[in-house]
2 protein chains.
Amino acid sequence: MNLSETEENYLKALYYICTDGDAAASTNAISARLETSAASVSDMIKRLADKDLVIYEKYKGAFLSKKGKTIAVGLVRKHRLWEFFLVDKLGFRWDQVHEVAEQLEHVKSPELILKLDQFLGFPKSDPHGDPIPDAAGNIQRLALRKLSSFSENDELILMGVSDSSVEFLQYLNQQGLNLGAKVKLGSKFPFDQSQELHLENKLKVVISLHVANSLLVKKVNS
Amino acid sequence: MNLSETEENYLKALYYICTDGDAAASTNAISARLETSAASVSDMIKRLADKDLVIYEKYKGAFLSKKGKTIAVGLVRKHRLWEFFLVDKLGFRWDQVHEVAEQLEHVKSPELILKLDQFLGFPKSDPHGDPIPDAAGNIQRLALRKLSSFSENDELILMGVSDSSVEFLQYLNQQGLNLGAKVKLGSKFPFDQSQELHLENKLKVVISLHVANSLLVKKVNS
DNA sequence: GTTAATACTTAAGTTAGTTTCACTTTGGTA
DNA sequence: TACCAAAGTGAAACTAACTTAAGTATTAAC
């Protein structure tokens with residue numbers, strides 16, 4: 001099954017839309033994600049359905065077949081391994097890697113990915129805390145919770161983000177909130193739901209509810 | 001100047017044809033190298049000439065403009081850096097890397113190449129002994145000679161190959177002739193111009209004239 | 001110098017992926 | 001239960017890169 005880059009991007013879009021939504025992906029949802037027209041999507045989805053990568057019913061939306069899902073997970077694996085490489089080996093910041101990984105993930109060589117994985121030491125999660133599927137396609141579900149679900153004095157470790165936009169990641173960098181950082185929750189201010197965080201270096205930062213909802217954490221020693 | 005992968009491949013083909021031939025590249029030479037029809041080449045070369053990347057005169061062949069050459073050298077640089085990475089970091093053999101590097105070289109991110117170069121320690125030549133252009137596009141010409149131009153008892157170091165085909169590289173692997181290997185020339189057999197080589201591990205191999213012409217070497221301590 | 005073979009270009013048509021625009025289906029609201 | 005807005009589809013047309021087929025230049029041969 002030799003797919004074009006475009007076809008691969010459609011599969012990946014389907015994967016992301018269906019795994020957070022769970023229902024079939026609507027034509028518009030796909031066109032929005034890929035920044036293309038709805039008509040292009042109709043067209044392409046039909047072709048992917050012909051190849052048995054997608055299950056599609058007119059006017060009802062589409063989702064990945066088993067075959068399509070396997071390919072999509074492979075792409076996610078490649079993307080996240082390259083992101084890890086870029087940050088861990090080449091010294092990119094976590095907010096700089098998405099676009100480059102987007103290109104690297106389309107390089108076709110199973111051998112390359114196996115060797116890269118080994119070279120990187122079989123990492124379990126990418127620089128944004130998202131899990132890296134293993135060679136068999138298994139994804140280790142990390143039981144992470146939003147920071148906003150914890151209480152004052154809880155000690156937490158930053159494990160991931162649910163918003164990977166460049167803007168948000170740069171904001172976190174500037175506040176010293178990096179992956180793996182240990183933080184202790186301070187007081188919450190009820191009037192706007194903002195919250196104090198105490199960092200390891202004794203500094204204190206105040207984050208908005210939006211930020212607290214986008215940070216995925218685990219309790220220290222759990 | 002955002003070029004398609006295809007356009008980049010044409011520039012690279014032009015670069016290779018013109019630097020070993022030196023004259024303008026003929027339409028057929030290009031079509032042979034890219035395994036495409038002469039008509040496609042005429043078409044594309046015209047378009048590249050419109051973009052001022054190629055100097056083209058109908059029926060007279062084409063060569064790279066200054067701008068085109070800069071881009072082509074950049075591609076060669078990327079290709080060779082990736083080949084070095086694949087062999088040195090990921091553990092590929094030198095006969096396995098060409099095709100993968102062919103894909104990786106089209107990834108667009110100047111930042112990526114700068115950081116990769118640094119990560120690799122600014123290597124000067126790729127796994128086949130070809131020089132890697134630096135970030136400014138300068139190519140360090142290695143003054144290498146064919147093994148066939150040396151005489152009995154000369155002690156040589158294998159520095160590169162002028163034939164990078166998978167078949168040839170695999171043959172060299174099997175004979176224990178790796179880049180950097182030290183060899184001492186033995187007797188030459190006049191009837192078919194084959195020649196004995198003494199390896200460091202005391203083994204002896206006999207190579208054909210064709211092989212002796214394809215091995216690039218330097219004298220020990222020169 | 002004419003001719004034949006080779007090299008090259010042009011023209012027309014193909015394919016993948018796109019767009020725009022007009023039409024159809026769906027589903028919520030009254 | 002009928003209607004309308006939103007969502008989705010189909011058709012036609014565009015672009016990049018390709019092909020084949022046919023025609024034009026160049027070169028080599030005599």
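A note on names: the letters A, B, ... follow the listed sequences, proteins ahead of strands, and every chain is numbered from 1. Just so it is clear, the structure is predicted and the values come from calculations on it, not from any experiment.
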Exercise for the section: May I ask you to say what A:Thr6 touches in the nucleic acid, namely base, sugar-phosphate or nothing, with a heavy-atom cut-off under 4.0 Å? Expected result: sugar-phosphate
Practice task
Describe the nucleic acid contact of A:Ser40 in one word from base, sugar-phosphate, nothing, applying a heavy-atom distance below 4.0 Å.
Solution key: base
OP1 or OP2 of [N] less than 4.0 angstrom from a side-chain nitrogen or oxygen of [X], does that happen here?
| X | N | value |
| --- | --- | --- |
| B:Ser37 | D:dT19 | yes |
| B:Tyr10 | D:dA16 | no |
| B:Ser26 | C:dA7 | no |
| A:Asn28 | D:dA6 | no |
| A:Thr36 | C:dT19 | yes |

Could you list all N or O pairs between the protein and nucleotides 10-13 of chain D that sit under 3.5 Å apart?
| from | atom 1 | to | atom 2 | distance (Å) |
| --- | --- | --- | --- | --- |
| D:dG10 | OP1 | A:Lys58 | NZ | 3.0 |
| D:dG10 | OP2 | A:Lys46 | NZ | 2.4 |

Exercise for the section: Indicate whether the side chain of B:Asp163 and that of B:Ser165 have a donor and an acceptor atom separated by less than 3.5 Å. Expected result: yes
Practice task
Give a yes or no answer on whether the side chain of A:Lys146 reaches the backbone of A:Asn213 with a donor-acceptor pair at less than 3.5 Å.
Solution key: no
Exercise for the section: Would you give the length of the straight line joining atom CG of A:Leu216 to atom CG of A:Leu158, rounded to the nearest 0.5 angstrom? Expected result: 8.5 Å
Handout entry: B:Lys69 atom NZ: more than 12 heavy-atom contacts under 6.0 Å
Key = no
Exercise for the section: Tell me, please, whether B:Phe85 has A:Lys89 positioned over its six-membered ring: NZ or CZ under 6.0 Å from the ring centre and within 45 degrees of its axis? Expected result: no
